[in-house]
Amino acid sequence: MEHTSSYKLFYVTWFCLLFLSPFLVSSLLSYNYYARRCPNMIRIVRRGVWYAIQDDASIAASLLRLHFHDCFVNGCDASVLLDDTSGEKNAFPNKDSARGYEVIDHIKSELEEACPYTVSCTDILTLAAAAAVDFSGGPYWPVELGRRDGFSASEDAANKQLPSPFEPLKDIIAKFTEKGLDLKDVVVLSGAHTIGFAQCFTFKPRLFNFSGSGKPDPTLDSSLLTNLQRVCPNQADSDTKLAPLDPVTSTKFDNVYFKLLVSNAGLLQSDQALMRDDRTASMVISYSRSLSLFNNDFAESMDKLARIGVLTAPKGEIRENCRKSNRVGFAKKTGNRAATKKTLN
Ligand code: HEM
Ligand SMILES: *[C@@H]1O[C@H](CO)[C@@H](O)[C@H](O)[C@H]1NC(C)=O
């Protein structure tokens, strides 16, 4: 009798472990990962982000986007930070657009001084994005750490997997689903566009030739249209001029982005599209009405984003320089196999 029930327990336990195994990766991360390894890690990262924002408030948005682009391609592995010529930096969504690399480099150099070879670049970027939101007036959430850096980056994967402002909502949703994120994540994470800027070419067709009609997007709020046409005149040399994604409070992390969508004043076509699907529109309306709902849900979805395809020891490496893998050049420089092996730890 007793025998049978312990067998049962055995099978139930194994069944549960098997079933839960895809989620176990998250349990390898922890809030106090660096508590012994590098006690000042969190303080150093937050201080670096703080000073960067004092110097240039627009950098907060750039750091947040950089983290999104890291996690969405190859998982959160700092692939976006690699300088490889065929890497993600050169992909369309990043080239002449993604910024904030110097901030991460600077924080990394301080960390190398405090605790050499200890803190991964992707953990720095994850924590920097959260700090950027916090310091911009958005929600604070604790970040689990212990990610390791990947060895390579793919321009091709970045081009295919990052969302484009010109593609239909259903395609954007599919890209998020592919990463294990759901419809709510799409809507609430789009709320990141409450801070930051976009270049004119990312929304220009809406101003002058919407869907090849030769006319502006008829749904775009008319006073916003007039303003945008002034910032982005209908000629190629205005393509790289900048407009705020949320012109009301462009450096404040709040829910104005959703209020703008409700009044047809979203900047990107892909932003405004959230109002054209009943399922997403109802969420946009809820977030426009409740800042605390948005803050809570945003923190929750950022936590999900920060767990995509994470590498934990013994996978990956702790890069010495966020711009290149330890494997690159090191073996060649020293001609020493033992040295190469050392870098793989
Ligand atoms: C849903 C699909 C998304 C699309 C189509 C999209 C597209 C874009 C585009 C076109 C820009 C302007 C880039 C430029 O002009 O160079 C931009 C900026 C930005 N995006 Fe997104 N994005 C999406 C989702 C997200 C998510 C999930 C986040 C973060 C959680 C995010 C954060 C940002 C931020 C903060 C900026 C401003 C960057 C800066 O000022 O440097 N975006 N996005
Ligand atoms: C608008 O776009 C369409 C298709 O992309 C193009 O054929 C047309 O010439 C454009 N019209 C203007 C006024 O630029």
Side-chain angles (χ1 to χ4, degrees), residues 52-53 56-73 76 80 91-101 103 125-126 128-130 132-133 136 138-139 161-177 179 181 183-217 231-232 234-236 238-246 250-253 257 261 266-274 280 284 297-306 308:
I53 293 176
D56 168 11
S58 77
I59 205 72
S62 306
L63 290 169
L64 175 56
R65 182 166 184 246
L66 212 47
H67 168 59
F68 165 51
H69 285 195
D70 177 26
C71 294
F72 227 63
V73 184
C76 313
V80 74
F92 289 117
N94 293 328
K95 195 168 174 7
D96 301 318
S97 171
R99 55 197 279 275
Y101 301 114
V103 176
L125 184 51
T126 304
V133 171
S136 303
Q161 295 171 24
L162 290 171
S164 149
F166 302 114
E167 69 187 334
L169 180 60
K170 70 166 174 43
D171 295 0
I172 290 177
I173 293 170
K175 287 180 174 176
F176 276 68
T177 310
K179 304 291 168 191
L181 299 176
L183 201 59
K184 180 173 150 187
D185 299 317
V186 174
V187 178
V188 75
L189 290 176
S190 295
H193 290 172
T194 180
I195 52 175
F197 291 80
Q199 299 175 73
C200 291
F201 78 87
T202 64
F203 53 87
K204 221 185 211 176
R206 300 188 75 196
L207 310 183
F208 303 105
N209 192 358
F210 184 62
S211 308
S213 65
K215 292 191 193 121
D217 182 344
V231 179
C232 312
N234 195 10
Q235 54 219 20
S238 78
D239 276 357
T240 57
K241 293 226 160 68
L242 296 173
L245 285 151
D246 161 5
S250 66
T251 57
K252 188 164 185 343
F253 198 99
Y257 166 81
L261 295 189
L267 184 64
L268 306 178
Q269 201 177 304
S270 51
D271 288 327
Q272 198 56 55
L274 295 172
T280 53
V284 170
D297 287 1
F298 187 80
E300 220 172 80
S301 291
M302 285 297 286
D303 190 71
K304 271 170 93 172
L305 176 69
I308 298 175

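All ligand and atom numbering here is 1-based and tracks the order in the structure. Sequence positions, counted from 1, serve as the residue numbers for this chain.
- A distance-only check finds a donor-acceptor pair linking the side chain of K179 to the backbone of F72 [under 3.5 Å].
- The two residues V73 and Q161 have their closest heavy-atom pair at CA-OE1, 3.9 Å.
- Using a 4.0 Å cut-off between heavy atoms, S58 makes no contact with ligand 1 at all.
- Residue F92 places its CZ atom among 12 or fewer non-hydrogen atoms of other residues, nucleotides or ligands, all under 6.0 Å distant.
- The nearest heavy-atom contact from the protein to atom 41 (O) of ligand 1 is S62 OG, 2.7 Å.
- In this structure, the separation between CD1 on I195 and CD1 on I59 is 11.0 Å, given to the nearest 0.5 Å.
- For S97, a nitrogen or oxygen atom sits less than 3.5 Å from a nitrogen or oxygen atom of ligand 1, counting backbone and side chain alike.
- Considering both main-chain and side-chain atoms, S270 never comes within under 3.5 Å of ligand 1 through any nitrogen or oxygen pair.
- Between the CZ atom in R206 and the CD atom in Q272 there is a gap of 5.5 Å [rounded to 0.5 Å].
- Protein residues having at least one heavy atom under 4.0 Å from any atom of ligand 2 are N209, G212, listed by chain and number.
- Within the sub-2.8 Å shell of atom 21 (Fe) of ligand 1, the protein contributes these N/O/S atoms: H193 NE2.
- For atom 40 (O) of ligand 1, the nearest non-hydrogen atom of the protein is F197 N, 2.9 Å.
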